[in-house]
Asks: 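Here's a structure for you.
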There are 2 protein chains.
Amino acid sequence: MKGKIFIIEDEASIVQLVQHNLEKEGFVVSSSLNGNEGLKELKKFEPNLLLLDWMLPDLSGIDICKNIRRDSNFKSLPIIMLTAKGEEEDKVKGLESGVDDYVTKPFSFNELSARIKAVLRRSDPKVVANELIFDDLKLDRIEKRVFRSDKEIQLGPTEFRLLEFFLTNPKRVYSRDQILETVWPNNVNVESRTIDVHIRRLRQSINIEGKKELIRTVRASGYSLV
Amino acid sequence: MKGKIFIIEDEASIVQLVQHNLEKEGFVVSSSLNGNEGLKELKKFEPNLLLLDWMLPDLSGIDICKNIRRDSNFKSLPIIMLTAKGEEEDKVKGLESGVDDYVTKPFSFNELSARIKAVLRRSDPKVVANELIFDDLKLDRIEKRVFRSDKEIQLGPTEFRLLEFFLTNPKRVYSRDQILETVWPNNVNVESRTIDVHIRRLRQSINIEGKKELIRTVRASGYSLV
DNA sequence: TCTTAATGTTACAGAAATATTACAAATTAA
DNA sequence: TTAATTTGTAATATTTCTGTAACATTAAGA
């Protein structure tokens, strides 16, 4: 199970980039463009981690940080601070105020992603599990293996990614377009019907004699793992 | 028995990250945020290795280095320097002043950890494991020997490092890029297909009649030891 | 029931990834 | 120095995967 991440950051473009990519990795993401509202929403959202901009129009990141640390429900919420270059001197202060890590803008998404996972691994290991499990299906991202009822299954690269995708959000129905966008590399143009064929291949591979069908077709909507 | 490591570095977040992870690996770790105090504590602590920041608020890394080299008790203490990007030109100078290795910030913990072990392996083999074993495969890092089912196998230097790499994380699938980054010396540019050839050579060497294949090809992902 | 649109299934050719081989250049040992 | 070993790459062979088109089947509404 992947975790929930909340973002408080006033630069919409950053929020968009980060949110989109984190969702692609299977995180559930919510965000706010300013401090005060963000604080409220955050407490409703109950994330596993907070990405927090250092400089916000209304409150400073530090203030938010302190507020959060005072709230017993969020005392141990991991926080990663996003700072701009030149605010370096403030780093120590930031860390003293209870930040778990910081990333300096501009950053690459990969860098951020690595930091997020590192922090989560310390604070909440199960949300960055390398194994995705659903029913009697198990997918190991590190070893790149898939098992159904402990029996190993061989999948081609695309079928592997497809299954990985479904496993990050089981039960949810995805349209062909959503599947294409996430599972296929960017800028690749494939016929939407192609997905049907891959679904077929995946089904054929993961279906075991006597066991129930795991991929549901939702007519006019798409597919889901059930 | 794992050794003791001392860290002198003024960025608290780095210290925290590194210290935490090293302790997880079984090292005993102590640290200081500035040079003068660090020097004193270090000499009390008597580490097997020192991680030293290049730029410190009070003393420069070089000064500390020289101080240590003058002290007959610590003349041969292995030192790994942490430098920021842009200080590259200083590298050689750093190495001349008796540093054993350096790591450029930002670094991944894995990178640092590998360097630490490499340095310790040279200077103080007993504090770091020197035999890697997987299945009926055994690699001795000190004697640079490899055995399969107790039968010695001759490997070229590159194949040796390649196997050593796989043995540090068996089962895990590595991409060609990851392999290149870790197994080849820094800044060397080799074709990614070259790895295929070395994999082939390694396979040829370690495969024994009748025994199972040990290197798995994972299409679109890389290779792993299984 | 008939019609139509959506999905399932199959086969196949081209594409892409990996395996293998040979060789020249570079490095090391003798 | 010469000989032997090791390395990286390019060329070629082989394997596996992919996307599409064509046809089959199913579901839902008229």
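Letters A, B, ... are given to chains in the order of the sequence lines, protein chains preceding strands, and every chain is numbered from 1. Since the model is a prediction, treat every value here as computed from it, not as a measurement.
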Asks: Could you tell me whether the phosphate oxygens of dG8(C), OP1 or OP2, come under 4.0 Å of any side-chain nitrogen or oxygen in Tyr223(A)?
Replies: yes
Asks: Quick one: Leu202(A) CG to dT18(D) P, roughly how many Å, whole number?
Replies: 12 Å
Asks: Holding to salt bridge (Lys or Arg N to Asp or Glu O under 4.0 Å), I want the full list of residues that pass it with Asp124(B), two or more places apart in sequence or in another chain.
Replies: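 Checked Asp124(B) against salt bridge (Lys or Arg N to Asp or Glu O under 4.0 Å); matches are Lys126(B).
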Asks: For DNA chain D, what residues of residues 175-186 of chain A have any heavy atom nearer than 4.0 Å?
Replies: Trp184(A)
Asks: Does any N or O in the side chain of Asn67(B) come within less than 3.5 Å of the main-chain N or O of Asp63(B), such that one atom is a donor and the other an acceptor?
Replies: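 A pair under 3.5 Å: no.
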Asks: How are the rings of Trp184(A) and His198(A) set to each other: parallel, tilted or perpendicular (split at 30° and 60°)?
Replies: perpendicular
Asks: Is there a donor-acceptor contact under 3.5 Å linking the side chains of Arg200(B) and Ser205(B)?
Replies: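 No pair is found: no donor N or O on one side chain lies under 3.5 Å from an acceptor on the other.
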Asks: In residues 167-175 of chain A, what donor-acceptor pairs under 3.5 Å come from side-chain atoms, sequence neighbours left out?
Replies:
{"unit_1": "Thr168(A)", "atom_1": "OG1", "unit_2": "Phe165(A)", "atom_2": "O", "d": "2.7"}
{"unit_1": "Ser175(A)", "atom_1": "OG", "unit_2": "Asp177(A)", "atom_2": "N", "d": "3.4"}
{"unit_1": "Ser175(A)", "atom_1": "OG", "unit_2": "Gln178(A)", "atom_2": "N", "d": "3.1"}

Asks: Can you tell me the distance, in whole Å, between the CG atom of Asp196(B) and the C1' atom of dA17(C)?
Replies: 9 Å
Asks: Taking only residues two or more places apart in sequence or in another chain, which ones pass salt bridge (Lys or Arg N to Asp or Glu O under 4.0 Å) with Asp71(B)?
Replies: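 For Asp71(B), the residues satisfying salt bridge (Lys or Arg N to Asp or Glu O under 4.0 Å) (neighbours in sequence not counted) are Lys43(B).
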Asks: Output the residues of residues 154-170 of chain A in contact with DNA chain C, where contact means a heavy atom of the residue under 4.0 Å from an atom of the strand; sort by number or write none.
Replies: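 Going residue by residue through residues 154-170 of chain A, none turns out to have a heavy atom under 4.0 Å of DNA chain C.
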Asks: Would you mind reading off the distance between Ile199(A) atom CD1 and dG19(D) atom C1', rounded to a whole angstrom?
Replies: 15 Å
Asks: Strictly by salt bridge (Lys or Arg N to Asp or Glu O under 4.0 Å), give each pair with a member in residues 178-198 of chain B just once, sequence neighbours left out.
Replies: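 Checked against salt bridge (Lys or Arg N to Asp or Glu O under 4.0 Å) - neighbours excluded - the pairs reaching residues 178-198 of chain B are Arg176(B)-Asp196(B), Arg193(B)-Asp196(B).
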Asks: Name all residues meeting the ring-ring contact (aromatic ring centres under 6.0 Å, His included) criterion together with Phe166(B); count only those two or more places apart in sequence or in a different chain, and write none if there are none.
Replies: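 If we apply the ring-ring contact (aromatic ring centres under 6.0 Å, His included) test to Phe166(B), skipping adjacent residues, there are no hits.
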Asks: List for me each residue that meets salt bridge (Lys or Arg N to Asp or Glu O under 4.0 Å) alongside Arg201(A), sequence neighbours excluded, and say none if there are none.
Replies: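 In terms of salt bridge (Lys or Arg N to Asp or Glu O under 4.0 Å), with neighbours along the sequence ignored, Arg201(A) is linked to no residue.
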Asks: Check nucleotides 25-27 of chain D against the protein and report each pair of N or O atoms closer than 3.5 Å, with its distance, or say if there are none.
Replies:
{"unit_1": "dT26(D)", "atom_1": "O2", "unit_2": "Arg219(A)", "atom_2": "NH2", "d": "3.3"}

Asks: According to salt bridge (Lys or Arg N to Asp or Glu O under 4.0 Å), does anything in residues 149-162 of chain B pair up with another residue at least two apart or in another chain? List the pairs.
Replies: Arg145(B)-Glu152(B)
Asks: Would you classify Val188(A) as touching base, sugar-phosphate or nothing, given that sugar-phosphate means primed atoms plus P, OP1 and OP2, and contacts are heavy atoms under 4.0 Å?
Replies: nothing
Asks: Among residues at least two apart in sequence or on other chains, which ones pass salt bridge (Lys or Arg N to Asp or Glu O under 4.0 Å) with Asp135(B)?
Replies: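 Partners of Asp135(B) by the salt bridge (Lys or Arg N to Asp or Glu O under 4.0 Å) criterion, ordered by chain and then number, come out as Lys212(B).
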Asks: Between Lys117(A) and Glu25(A), does any NZ, NE, NH1 or NH2 come within less than 4.0 Å of an OD or OE carboxylate oxygen?
Replies: yes
Asks: Give me the distances for all protein-to-nucleotides 9-14 of chain D N/O pairs that come in under 3.5 Å?
Replies:
{"unit_1": "dT9(D)", "atom_1": "OP2", "unit_2": "Glu191(B)", "atom_2": "N", "d": "2.7"}
{"unit_1": "dT9(D)", "atom_1": "OP2", "unit_2": "Thr194(B)", "atom_2": "OG1", "d": "2.7"}

Asks: Is the shortest side-chain N/O distance from Arg200(B) to OP1 or OP2 of dT21(C) below 4.0 Å?
Replies: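 For dT21(C), OP1 or OP2 has a side-chain N or O of Arg200(B) closer than 4.0 Å.
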Asks: So, OP1 or OP2 of dA19(C): does either fall under 4.0 Å of a side-chain N or O from Thr217(B)?
Replies: yes
Asks: Tell me, do Ile208(A) and Asp136(A) make a side-chain contact under 4.5 Å, heavy atoms counted?
Replies: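 No; the side chains remain at least 4.5 Å from each other.
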